[in-house]
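Below is one structure; the comments refer to it alone.
Below, read A as the first sequence line, B as the second, and so on, with proteins coming before strands; counting in each chain starts at 1.
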There are 2 protein chains.
Amino acid sequence: MGTTQLESVPEPKYWHLKTVLNDALDSEFEVGEILPNERDLAARFGVARATLRQALEQLELEGRLQRRRGVGTTVAPPRMGVSVGPSANAWPGAGRDSWETVGCVEAVAPAAIAALLGTGRDQAVHTIRRVRVMRGQPVAAELLYVPPASVPGLPGDLSPAAHAPAVLRELHALELEGEDRAVELGSARADDAKQLDRLPGAPVLVVTSRYYTGGRVAAASVSTYRADTCRLTFGDAGAFEVTHHQQDTRQAS
Amino acid sequence: MGTTQLESVPEPKYWHLKTVLNDALDSEFEVGEILPNERDLAARFGVARATLRQALEQLELEGRLQRRRGVGTTVAPPRMGVSVGPSANAWPGAGRDSWETVGCVEAVAPAAIAALLGTGRDQAVHTIRRVRVMRGQPVAAELLYVPPASVPGLPGDLSPAAHAPAVLRELHALELEGEDRAVELGSARADDAKQLDRLPGAPVLVVTSRYYTGGRVAAASVSTYRADTCRLTFGDAGAFEVTHHQQDTRQAS
DNA sequence: GAGTGGTCTAGACCACCCT
DNA sequence: GGGTGGTCTAGACCACTCC
């Protein structure tokens, strides 16, 4: 029959649009520059606004664009390398790590956290809420869980303001023996989104950490990183110093 | 004035829909069970199909659902814990790690990879394409780059079939001194998507690794993991053995 | 061919930011 | 108030899978 089936896979419009815009961002725009609004862009490319938005959403997911309601769409800077690896970090809150404590309560943790800690179901744990800031931007919201058993020397009468520092101080006095970590994709809950200056549902990288001492889990944390602006770095050798976008590091084989 | 402004923040429909569906998945469905089709679901909830799809997309992003064109929407099992940490892995390809080599060429790497390796711009490197399989499913597509300088003992006359094993064998003979790693969110390119059994643009976790020997970068890799089905684990203590979804580990403070 | 999810359209209104 | 992105609608057609 000899049916030549070249071009038999029509590329979706939004996909083609995305590559066109991606190339344009490289060649015709500077970081921080604002793009034309969505209605104009859609008209210029001859597509519906929803189709254009599909392309913009992907580019935002990949960290190429930043969109803010009421303001506009701007070209995003390269992602920040954020160290979450072992070594330098040591105990959470140690070192000058640009974390800000937002709140601290002693409450019963959800079942999944209790499983992480290996504590009983209904046991209260110290719960510290913190925000990580880099270059003036919030990059992560975290909940740090510390069972009372891990900080036996903690005074009983603590003002809310003194609570978190005291727990962290006691924690740092222990010897850190090891760390566990997991990363997965999630979407920002309303409270995290607010602290990350994003809308609810924004894509985030959820980092779950366990800190060991004496063969037991002394603390655990769940950190929610902005997926659009952050590249998480692990490893003893320190953060990458790469100035390229991840797309550039991938090619067909 | 005393204007009570309760409920002044109307939740988007798709967001409310998402939580309703999420709860229903926990209580009324089993893993692997197929949901009603999108048109029926939309009608049942009294919303447009596009609105329902927005909710389904988020749930798929969070690993709760799996959708396949022409088939339907099913309830996804909990994400697989995939170890990408140091230690056990050692050199890429060492150990019984369920990687399958798909191809191998010697070609000039893109500029970003050359920067990662610290090699010259136009230098050819061994490029090995591999796929990682777990529980019968492809979970990652990888490109492993090895400069010829790292494998000086490599024979010159290699058949395509013998190329990749020979490069890996030479690599494993070196002493691995350290590893660097970074994780960021991306969307699957067409070629990766095909090997991951997903559509182009599907969300992926891109892991960029550098392997050191003799104080230099001996190899580098870019691995593309399915974000919907994988939870990446790091750490010396081995993979987490958590059976909960990440949503369950997060709560308001 | 019937049924599924994926793409696309052309509109509308809303929430938010700025001036 | 005017402009931006965010949400929502009610349709249509396409690509794919399975019977």
Side-chain angles (χ1 to χ4, degrees), chain A residues 5 7-19 21 33-61 64-76 187-188 190 193-194 197-203 228, chain B residues 5 7-19 21 33-61 64-76 187-188 190 193-194 197-203 228:
Chain A
Q5 65 169 64
E7 308 299 347
S8 71
V9 249
E11 208 172 33
K13 272 189 190 177
Y14 79 91
W15 187 261
H16 180 243
L17 204 51
K18 185 192 129 183
T19 67
L21 286 168
E33 196 172 346
I34 67 174
L35 269 61
N37 73 51
E38 296 182 349
R39 291 162 180 85
D40 285 354
L41 275 180
R44 183 175 314 185
F45 286 106
V47 300
R49 182 155 81 113
T51 304
L52 175 81
R53 277 179 61 80
Q54 221 174 331
L56 294 184
E57 268 153 32
Q58 284 234 7
L59 289 170
E60 190 180 28
L61 195 82
R64 298 282 288 155
L65 292 179
Q66 188 161 357
R67 300 194 288 172
R68 273 178 304 171
R69 170 156 53 178
V71 180
T73 302
T74 58
V75 181
S187 47
K194 192 161 235 171
D197 193 25
R198 298 256 64 198
L199 291 180
D228 55 342
Chain B
Q5 64 167 66
E7 309 298 346
S8 73
V9 248
E11 207 173 35
K13 273 189 191 178
Y14 80 91
W15 186 261
H16 180 244
L17 204 50
K18 184 192 131 184
T19 67
L21 286 168
E33 198 173 345
I34 68 173
L35 269 62
N37 72 54
E38 296 182 349
R39 291 163 180 86
D40 285 353
L41 275 180
R44 180 175 315 185
F45 286 106
V47 300
R49 192 178 156 219
T51 303
L52 174 84
R53 278 179 60 80
Q54 220 174 330
L56 294 183
E57 268 152 32
Q58 284 233 9
L59 289 171
E60 189 179 29
L61 195 83
R64 298 281 289 154
L65 292 178
Q66 187 161 0
R67 300 193 290 170
R68 273 177 304 169
R69 170 156 53 177
V71 179
T73 302
T74 59
V75 181
S187 47
K194 192 161 237 172
D197 194 24
R198 299 256 62 197
L199 290 179
D228 55 342

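Two residues are said to be in side-chain contact when any heavy atoms from C-beta on lie closer than 4.5 Å; B/Ser187 and A/Lys18 meet this criterion.
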Salt bridge (Lys or Arg N to Asp or Glu O under 4.0 Å) between B/Asp228 and B/Arg198, worked out: CA-CA 10 Å; B/Asp228 55 342; B/Arg198 299 256 62 197; 3.1 Å; yes

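Between the CZ atom of A/Arg68 and the P atom of D/dG6 there is a distance of 11 Å, rounded to whole Å. Taking atom CG of residue B/Leu35 and atom P of nucleotide C/dT4, one finds them 12 Å apart after rounding to whole Å. When the P atom of C/dG6 is taken as reference, atom CD of B/Gln66 falls 11 Å away, rounded to whole Å. Going from atom CG of B/Asp40 over to atom C1' of C/dA2 covers 14 Å, rounded to whole Å. In this entry the distance linking CD of A/Glu38 with C1' of D/dG6 reads 8 Å, nearest Å. As a whole-Å value, the separation of B/Leu41 CG from C/dG5 C1' is 12 Å. Atom-to-atom, CZ of B/Arg67 to C1' of C/dG3 comes out at 16 Å; the value is rounded to the nearest Å.
Across all strands shown, A/Arg39 has heavy atoms under 4.0 Å from base atoms, whether or not it also approaches the sugar-phosphate.
Sorted by first and then second residue, the side chain to side chain donor-acceptor pair (under 3.5 Å) pairs with a member in residues 42-52 of chain B read B/Glu38-B/Arg49; sequence neighbours excluded.
Looking at residues two or more places apart in sequence or on another chain, you find no side-chain hydrogen bond (donor to acceptor under 3.5 Å, both in side chains) involving B/Gln54.
Of the candidates B/Leu21, B/Leu61, B/Leu17, B/Leu21 is the only one forming a side-chain contact (heavy atoms from CB on, under 4.5 Å) with B/Leu56.
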If you restrict it to nitrogen or oxygen atoms, what contacts under 3.5 Å exist between nucleotides 7-11 of chain C and the protein, and what is each distance?
unit_1 : atom_1 : unit_2  : atom_2 : d
C/dT7  : OP1    : A/Tyr14 : OH     : 2.9
C/dC8  : OP1    : A/Lys13 : N      : 2.2
C/dC8  : OP2    : A/Tyr14 : N      : 3.2
C/dT9  : OP1    : A/Lys13 : NZ     : 2.9
C/dT9  : OP2    : A/Ala48 : N      : 2.9
C/dT9  : OP2    : A/Thr51 : OG1    : 2.4

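Side-chain nitrogen and oxygen atoms of B/Asn37 include none within less than 4.0 Å of the OP1 or OP2 phosphate oxygen of C/dG3. At least one side-chain nitrogen or oxygen of A/Thr73 sits closer than 4.0 Å to the OP1 or OP2 atom of D/dG5.
Salt bridge B/Glu60/B/Arg64: absent, no basic N to carboxylate O contact under 4.0 Å.
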